[in-house]
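Inspection log for the structure reproduced underneath, given as structure tokens.
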Amino acid sequence: MQVSSFVQKLPKVELHLHIEGTLEPDLKFKLAQRNGIELAEKTAQEVYDSYQFTDLASFLASYYDGMQVLRTSADFYDLAMEYLKKAAAQNVRYAEIFFDPQAHTCRGVSFDTVISGLHRAQVEAEQTLGIQSALIMCFLRDFQAEYAMATLLEALPYKKWILGVGLDSDETGNAPDKFAAVFARARQEGFLLTMHADVDIKDSIEHIRQLIEEIKVDRIDHGTNVGENSQYVDYLVEHKIGLTCCPVSNTWVSDGSKIPLIAKLAERGVKVSINSDDPAYFRGYINENFQLVADELGADPEFLAQLSLNAVDISWAAPSLKERLRAEIRATLN
Ligand code: HPA
Ligand code: ZN
């Protein structure tokens, strides 16, 4: 996709990015070789050809399969460093990055191995590339709540490296309230809270109700189905609960980008932001997501800048960084 010069130069904030979803075929081959793993696919094209997602479940099968090559702290460092380099090159100034510790601990890779590699890359990227980042630890909703609670407790010694907690993986049959106790404890421990409300999932409005009334999240990942219920739209506006939307991802797992709906929610005052989700699988980083918005709605720099400002507003960055980013974004309109 050709990215316009305005999209490229716009300072951006990434709020919905699964680090395991940034595993590009070339890195997958490198890590497989380093760890002595035989892969079924031999070329990047064969890997891409294997991505035939029609919904969230079929995407998740490839996503969990791909991450088997991640074994050592160096692997997690390489994964995060490659992402942070790409993000910095696309003028992402600050990223809040999801990681899925249970997708690794469940196959014998330790929590420390995962987070120490990611953290080392974050520190180095800030020094060498000037990109700031934070981690959000996601629980896998298709596992038991007890495993999520054990993971939360295991993470407590690393609290200073983790800004918030989230909930991802297969939403069907795994409602937010399954994790009410885990998220209550996370809140007590000082973590900020977000959860996925995936697009066009069964019972999506009931799940959104639980997110806002029972879990009381600070932010919602995806969540565009809220447009079906004007009372909840008003609630998001009033309580400044933002949505982290991922248009390119939506084209793979639902029936389109949902950009018209995202624009309508923006018009109604919801703080919607534009993000990448799993860019190595969906073939689009943040610039490609902004460009899709520009292509579908007509490239209005004011609106694109507003989307970037929304991301700053709903981010969990320090107030001083938020002010600096707002000034940089506004300056691109002059
Ligand atoms: N939704 C749910 N789980 C996920 C996603 C997603 O978009 N990406 C990685 N895990
Ligand atoms: Zn996601």
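Just so you know, ligand 1 is whichever comes first in the structure, and atom 1 is the first atom listed for that ligand. Counting begins at 1 with the first residue of the sequence. Atoms considered below: every heavy atom in the structure, side chains included; atoms not considered: hydrogens, waters and symmetry mates.
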| message | List ligand 1 atoms under 4.0 Å from His222, heavy atoms only on the residue side. | response | 7 (O)
| request: Assess whether atom NZ of Lys159 is packed by more than 12 heavy atoms of other residues, nucleotides or ligands within 6.0 Å. | output: yes
| request: Evaluate the ring planes of Tyr281 and Tyr63, with Trp represented by its six-membered ring, and classify them as parallel (under 30°), tilted (30 to 60°) or perpendicular (over 60°). | output: perpendicular
| Of all the heavy atoms in Asp221, does at least one lie under 4.0 Å from an atom in ligand 1? | no
| said: Pairs of nitrogen or oxygen atoms closer than 3.5 Å, one from His16 and one from ligand 1: do any exist? | reply: no
| field | For atom 2 (C) of ligand 1, closest protein heavy-atom neighbour | value | Asp198 OD2, 3.3 Å
| request: Considering heavy atoms of the protein only, find what lies nearest to atom 5 (C) of ligand 1 and give residue, atom and distance to 0.1 Å. | output: His18 NE2, 3.5 Å
| For atom NZ of Lys42, is the number of surrounding heavy atoms from other residues, nucleotides or ligands below 6.0 Å larger than 12? | yes
| query | Glu171: heavy atom below 4.0 Å from ligand 1, yes or no? | reply | no
| query | Between His104 and Phe76, does the ring centre distance come in under 6.0 Å? | reply | yes
| From Tyr51, Phe282, Tyr64, residue fulfilling ring-ring contact (aromatic ring centres under 6.0 Å, His included) relative to Phe59 | Phe282
| Presence of salt bridge, Asp313 and Lys240, under 4.0 angstrom | no
| Got more than 12 heavy atoms from elsewhere within 6.0 Å of NZ, Lys178? | yes
| said: For atom 7 (O) of ligand 1, what's the nearest protein heavy-atom neighbour? Residue, atom name and distance, please. | reply: Asp277 OD2, 2.9 Å
| query | Can you tell me which residue and heavy atom of the protein come closest to atom 8 (N) of ligand 1, and the distance to 0.1 Å? | reply | Asp278 OD2, 2.8 Å
| query | Does NZ or CZ of Arg283 fall inside the cone over Tyr48's six-membered ring, less than 6.0 Å from its centre and within 45° of the axis? | reply | yes
| query | Is it true that atom CD of Gln33 has more than 12 heavy atoms of other residues, nucleotides or ligands lying nearer than 6.0 Å? | reply | no
| Test salt bridge (Lys or Arg N to Asp or Glu O under 4.0 Å) applied to Glu24 and Lys28, step by step | CA-CA 6 Å; Glu24 293 284 356; Lys28 190 174 170 183; over 6 Å; no
| query | Heavy atom of Phe59 under 4.0 Å from ligand 1? | reply | yes
| What protein atoms of element N, O or S are positioned under 2.8 Å from the Zn ion (ligand 2)? | His16 NE2, His18 NE2, His196 NE2, Asp277 OD1
| field | Side-chain donor or acceptor of Tyr147 paired with backbone N/O of Cys106 under 3.5 Å | value | yes
| note | Under 4.0 Å between heavy atoms, the region of Phe98 that gets near ligand 1 turns out to be neither
| request: With Arg219 as the cation and Trp316 as the aromatic partner, state whether NZ or CZ is under 6.0 Å from the six-membered ring centre and within 45° of the axis. | output: yes
| With atoms numbered from 1 as shown, which atoms in ligand 1 lie under 4.0 angstrom from a non-hydrogen atom of Leu56? | 1 (N), 2 (C), 6 (C)
| query | Where is the nearest protein heavy atom to atom 3 (N) of ligand 1: which residue, which atom, and how far? | reply | Ser169 N, 2.8 Å
| Leu60 and ligand 1 - part of the residue with a heavy-atom distance under 4.0 Å | side chain
